[in-house]
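First up is the structure itself, then whatever we jot down about it.
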Amino acid sequence: MPRLRLTGKALRNIGYPEGPAISVAITAMEKQFRHHSEEAALDILKQVLLDPMAYLADDGLRKVAGKLMETKEEEDIPLKEIPVPYEIYGAGFIETGALQQMNNAVRLPVAVAGALMPDAHHGYGLPIGGVLATHNAVIPYGVGVDIGCRMCLSILDLPVVSLERHAAKFKRELVTQTEFGAGATWVGKTEDAVLEHALFREIPMLRHLHKKAVEQLGTSGSGNHFVEWGIVQITGTNEFNLPAGTYVGLLSHSGSRGLGAQIAAHYTRLARELCQLPRMAQHFAWLELDKEAGQEYWAAMNLAGDYASACHNQIHRRLIKAMDARLLARVENHHNFAWKEIHNGQEVIVHRKGATPAGKGVLGIIPGSMTAPGYIVRGRGEAASLHSASHGAGRAMSRFNAAQSISQYELNKYLKEQGVILVGGGPDEAPMAYKNINEVMAAQSSLVDVIGRFQPRIVRMADDGGKED
DNA sequence: ATGTGC
């Protein structure tokens, strides 16, 4: 006889509020309704949700009903009648789903300002490419599940011709010195100051995550994460004092791995318990920064950011050493994070979820696709964008649609035409699944100045499906 | 994004 297994997600889908009712309901159903199908069990739970009062005398469901009644007494926090106006860059090619999400975000009572970047697309909570400034509030889903996800570019002293002449060695080291996919670990010697952070001892949840953090340090994730060799073209004056010309570059994109994912999950749950919003806005649940939970998330988020940086650092260090190269310059920036910044004379919390910081003079790197160039940019400090720019070209096709409509054959053929070697990856990350980076850059010419380009040549990603075998 | 929730 199959045993009933319910998930919190399934309960949320039928409208169960974040909080104790979910776990109480799962326990009650799995214990006393274990021979029911999931569908039948959810039907029962729906009835309880509609009229908990009627179930207060029911032996099996009394506890669930009780928890629901407690939760019901708390009123949802109302949204603003008049949304905060926000600037949209590249409005012509932003999908409506992303606009709707942003329109909800700027109705939060804590919202102060917002902006939407030209690579925006539908996400969880805040759209990818969404920027939101709030007062005294941090929204875990405004940062995103991959806290501190970032770009890192190393410009090296190797001759550019070596990239073609010794392509096999570059490729071999790219494979040997990286590890990709969910659960990926690095078994070599990994020491890093970030692993000694006091927070790993101070917060119980982080104590449990320390082992995972040690094991995963210096690895890359799945999906759109990559490590690649390519050609950097420095086009004009730059803060690295590099002569204009071409260089070998190493570019990586990844985040805070399991550590950040668990931090995000934990504090998202906590926020949804502490901050009950109308259903359409539930993902925007925030934590107040003058309260303990908010401060704890802030500290943990910053640790995840440092950890993401350390991961890139390890990867670059290994590869630079393996190629016997020297580092000439580095550009690095988060694009899933929250910062305390002053805008309009007021300290606000700026959430950038898939958006590159672009304060005046701030350097960043905006990748294109595995065949299209990425851009090294210098922020112009545009107030209307909240000192932000896009974090890439943005998807033109969902991962699912891309996997359905682009064949591996078609991808291989295109890569060959473009002279790009790919290890791992798959149609869901094909260049055709992304917007035209040049159009996206044109839509944000008021936000950043371009000081260089990066053309990918040898790209490493997680194998299709996310896991390394 | 992540070894995929109590």
Side-chain angles (χ1 to χ4, degrees), chain A residues 3-13 16-31 38 41 45 63-64 67 71 121-130 140-151 179-185 204-205 208-209 211-213 215-217 219-226 252-273 283 300-301 304-305 307-308 311-312 334-337 351-355 391-392 394-395 398-400 425 428-429 461-469:
Chain A
R3 276 247 160 139
L4 174 65
R5 295 296 298 168
L6 291 175
T7 60
K9 202 173 174 183
L11 267 67
R12 266 185 218 99
N13 280 340
Y16 268 63
E18 191 62 51
I22 289 179
S23 53
V24 168
I26 291 174
T27 313
M29 298 310 281
E30 290 183 355
K31 212 168 164 185
E38 183 183 339
L45 288 176
K63 276 190 177 172
V64 181
K67 286 293 172 201
T71 318
H121 52 98
H122 190 269
Y124 236 127
L126 201 61
I128 318 296
Y141 261 147
V143 170
V145 285
D146 191 3
I147 301 171
C149 183
R150 56 164 63 197
M151 303 301 306
E179 211 47 75
F180 276 81
T185 57
M205 185 213 26
H208 299 304
L209 288 171
K211 185 167 172 277
K212 186 193 279 282
E215 289 170 354
Q216 295 191 329
L217 185 73
T219 62
S220 310
S222 55
N224 58 5
H225 287 177
F226 60 76
S252 53
H253 174 214
S254 57
S256 50
R257 314 291 291 105
L259 174 71
Q262 301 265 331
I263 292 172
H266 177 84
Y267 290 97
T268 299
R269 267 199 305 277
L270 189 58
R272 281 174 68 151
E273 278 182 37
H283 287 128
M301 176 194 80
Y307 182 79
C311 284
H312 283 272
H334 290 329
H335 51 223
N336 281 6
F337 214 59
H351 303 74
R352 294 189 181 87
K353 186 183 187 186
H391 83 313
R395 295 198 80 96
S398 72
R399 195 171 289 286
F400 180 80
D428 56 340
E429 282 299 325
M461 301 185 90
D463 285 345
D464 209 354
K467 157 121 181 74
E468 283 301 284
D469 290 305

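Order of the sequence lines fixes the chain letters, A, B, ..., with proteins taken first and strands second; residue numbering starts at 1 for each chain. Values reported hereafter were calculated over all heavy atoms of this structure, with side chains retained and with hydrogens, waters and symmetry mates removed.
Taking CZ of A:R352 as the start and NE2 of A:H391 as the end, the distance is 13.5 Å to the nearest 0.5 Å. Between the CZ atom in A:R272 and the CD1 atom in A:I22 there is a gap of 7.0 Å [rounded to 0.5 Å]. The distance from atom CZ of A:R5 to atom CE of A:M29, rounded to the nearest 0.5 Å, is 13.5 Å. Atoms CD and SG, from A:E179 and A:C311 in turn, are 12.5 Å apart once rounded to the nearest 0.5 Å.
Atom C1' of nucleotide B:dA1 and atom CD of A:E429 are separated by 12 Å, given to the nearest angstrom. Between A:H266 atom NE2 and B:dC6 atom P the separation is 15 Å, expressed in whole Å. A straight line from CG of A:L259 to C1' of B:dA1 spans 13 Å, rounded to a whole angstrom. Between the CZ atom of A:F180 and the P atom of B:dA1 there is a distance of 12 Å, rounded to whole Å. If you take CD of A:Q262 and C1' of B:dT2, they are 8 Å apart, rounded to a whole angstrom. Counting to the nearest Å, the P atom of B:dA1 and the CE atom of A:M461 are 8 Å from each other. The distance from atom OH of A:Y267 to atom P of B:dT2 is 20 Å, rounded to the nearest whole Å. Protein atom CG of A:N336 is 9 Å distant from nucleotide atom P of B:dA1, rounded to whole Å.
Residues A:G19 and A:Y124 both approach DNA chain B. Their nearest nucleotides, taken by heavy-atom distance, put A:Y124 toward the 5′ side.
As judged by a 4.0 angstrom heavy-atom cut-off over every strand, A:K353 is placed among residues making no nucleic acid contact. When heavy atoms are screened at a 4.0 angstrom cut-off, A:N224 is found touching the sugar-phosphate backbone but no base atom. Counting any heavy atom pair closer than 4.0 Å across all strands shown, A:Q216 reaches sugar-phosphate atoms only and no base atom. At a threshold of 4.0 angstrom between heavy atoms, the contacts of A:G258 are confined to the sugar-phosphate backbone, with no base atom among them. In this structure, A:R269 reaches the bases: a heavy-atom distance under 4.0 Å links it to at least one base atom across the strands shown.
Taking the six-membered ring where the residue is Trp, the centroids of A:H335 and A:H253 are separated by under 6.0 Å.
Minimum atom distance to the side chain of A:R257 is reached by B:dT2, of the listed B:dC6, B:dT2, B:dA1. Taking every side-chain heavy atom of A:R399 into account, B:dA1 is the closest of B:dA1, B:dC6, B:dT2.
Between A:S256 and B:dA1, a side-chain N or O to OP1/OP2 separation shorter than 4.0 Å is absent.
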